[in-house]
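Computed from a prediction, not measured in an experiment: that's the story for all the values here. We're numbering straight along the sequence, starting at 1. Counting convention: from 1, in listed order, for ligands and their atoms alike.
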Amino acid sequence: MFFKTVEQEQRYNEIGQLADKFAKRAQKYDQEGSFPVENINELKQAGYTTLTLPTEFGGKGATLYEFVLLHERLAQGCGSTALSIGWHVGIILDLATTRPWPKDKYAAVMAKVNEHALLNRAATEAQTGSPTRGGKPQTTVIKEHNYWRISGRKIFTTMAPVLDFFLVSAAIDGDDKIGEFLIPRDTQGVRIEETWNSIAMRATESHDLILEDVKIDEDHLLEIVSARPKQKANGWLLHIPACYLGIAQAASHYAIKFASSYQPNSLNHTIIELPNVQRQIGEMELELKHARHFLLSVADKWDQLEDKTITIPDLAAVKHVVTNTTIKIVDKAMRIVGARSLSENSPLQRYYRDVRAGLHNPPMDDATLHLLAQSAITSFTDKVEKKQG
Ligand SMILES: Cc1cc2nc3c(=O)[nH]c(=O)nc-3n(C[C@H](O)[C@H](O)[C@H](O)COP(=O)(O)OP(=O)(O)OC[C@H]3O[C@@H](n4cnc5c(N)ncnc54)[C@H](O)[C@@H]3O)c2cc1C
């Protein structure tokens with residue numbers, strides 16, 4: 001296995017037990033399109049929401065490697081639960097590494113996180129599409145005396161039913177700057193509109209966040225962010241491929257279990273003995289290994305390197321390879337199972353819908369290919385220039 005310490009193995013096993021429990025509830029939450037509050041509460045009790053919180057604030061200070069390892073296991077149980085909590089645990093890791101906020105504010109919010117508060121970024125808007133493409137938020141903020149007034153609408157706010165804090169990007173009025181603001185849920189003028197009707201990741205309840213003339217203290221401006229941010233080594237975003245990999249692993253397990261017990265009367269053995277079924281199982285396993293080793297090796301590299309910017313092309317490549325691979329794995333699992341995979345009672349049809357969402361989480365495939373092309377061209381040009389002296 002991939003454990004580096006005994007503690008990692010223990011935590012992995014604990015998360016595994018929860019994941020197996022969540023797997024039994026996943027169909028219900030998916031069909032209802034309701035948020036798995038029960039799962040999130042159990043993850044809080046198990047300490048998963050403080051996994052990457054630095055030890056100085058009471059957390060476990062886990063590395064990216066450990067986060068990704070555990071997160072994949074969690075997603076084997078329930079993809080929506082994993083994607084939801086992944087944003088929170090990932091953002092906590094990002095903040096721990098980059099410390100971009102004023103010290104006092106950071107310490108105050110992390111103290112709340114240690115008491116089980118949950119946060120997520122609400123960055124996407126209908127007019128901007130993916131914020132990674134550099135669109136300017138239509139959410140605006142005006143400074144008045146010693147407070148801010150903020151208005152706008154965000155879409156795709158995952159975990160909307162249970163978030164305690166929203167990290168909201170907004171254009172600062174009369175300025176070209178964009179700020180990220182901390183908005184506590186109970187602030188007047190904050191409300192959720194239940195718009196989430198996606199066929200994928202249905203239980204994430206990624207609704208619209210509406211901000212109507214919300215008044216917040218001036219120290220709730222966390223940082224000034226650029227509309228076209230410098231490429232950052234966003235290791236924390238590896239929770240996304242880890243989540244989809246877990247779903248693909250669950251699909252593979254399901255198909256193998258099915259093939260081990262399904263025996264049509266045209267055969268005197270189960271279909272697991274058929275060469276074409278074994279070939280597809282072999283292909284799934286090859287793809288799972290490829291994806292998992294790539295994911296964990298880049299996570300490990302990110303943890304080890306002082307200059308994390310070196311990992312930027314690798315991080316994007318991992319997300320591309322893993323998310324696209326998981327779509328292929330689920331497809332193969334469904335071919336093994338046959339038409340029964342399309343039953344509403346089969347988890348495979350949920351996995352099939354859920355892995356599609358990976359394509360639309362950042363970074364997007366076209367941006368990754370562009371980045372990789374630039375990186376390959378630059379490194380080739382550098383080599384030629386060095387040779388020429
Ligand atoms: C399950 C799920 C959960 C999510 N959770 C959150 C969350 O918690 N918080 C949050 O803020 N967001 C969240 N998102 C939103 C996500 O990060 C993206 O912003 C969203 O999916 C929109 O991406 P898009 O690629 O469809 O949009 P767009 O960027 O609008 O792209 C749509 C199409 O237009 C093209 N396109 C648009 N602009 C450009 C451009 N400038 N250059 C080239 N091509 C362009 C794209 O290639 C694509 O073909 C979530 C999304 C999903 C699916």
- Message: Which label fits H71 and Y48: parallel for a plane angle under 30°, tilted from 30 to 60°, or perpendicular past 60°?
- Response: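 Parallel: the ring planes of H71 and Y48 meet at under 30°.
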- Using 30° and 60° as the class limits, which term best fits the ring planes of H290 and F294: parallel, tilted or perpendicular?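 Ring orientation, 0 to 90° scale: parallel.
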- In Å and rounded to the nearest 0.5 Å, what is the OG1 to NZ distance from T124 to K154?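 The NZ atom of K154 is 8.0 Å from OG1 of T124, to the nearest 0.5 Å.
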Are any of the N/O atoms on [X], whether in the backbone or the side chain, positioned under 3.5 angstrom from an N/O atom of ligand 1?
{"X": "T158", "result": "yes"}
{"X": "T124", "result": "yes"}
{"X": "R133", "result": "yes"}
{"X": "A123", "result": "yes"}
{"X": "N120", "result": "yes"}
{"X": "F156", "result": "yes"}

I'd like to know if the side chain of [X] and the backbone of [Y] have a donor-acceptor N/O pair within less than 3.5 Å.
{"X": "N120", "Y": "T158", "answer": "yes"}
{"X": "S84", "Y": "S80", "answer": "yes"}
{"X": "H207", "Y": "T195", "answer": "yes"}
{"X": "W196", "Y": "M201", "answer": "yes"}
{"X": "R353", "Y": "I199", "answer": "yes"}

Is ligand 1 less than 4.0 angstrom away from at least one heavy atom of [X]?
{"X": "N361", "value": "yes"}
{"X": "P131", "value": "yes"}
{"X": "L83", "value": "yes"}

Please list, in number order, the atoms of ligand 1 under 4.0 Å from a heavy atom of [X].
{"X": "H360", "result": "16 (C), 18 (C), 20 (C), 21 (O)"}
{"X": "P362", "result": "17 (O)"}
{"X": "M364", "result": "18 (C), 23 (O), 25 (O)"}
{"X": "R121", "result": "7 (C), 8 (O), 9 (N), 10 (C), 11 (O)"}

- Query: Under the ring pair (Phe, Tyr, Trp, His ring centres under 6.0 Å) criterion, do Y12 and F3 qualify, and how do the steps go?
  - Reply: CA-CA 9 Å; Y12 183 89; F3 312 117; 5.1 Å; yes
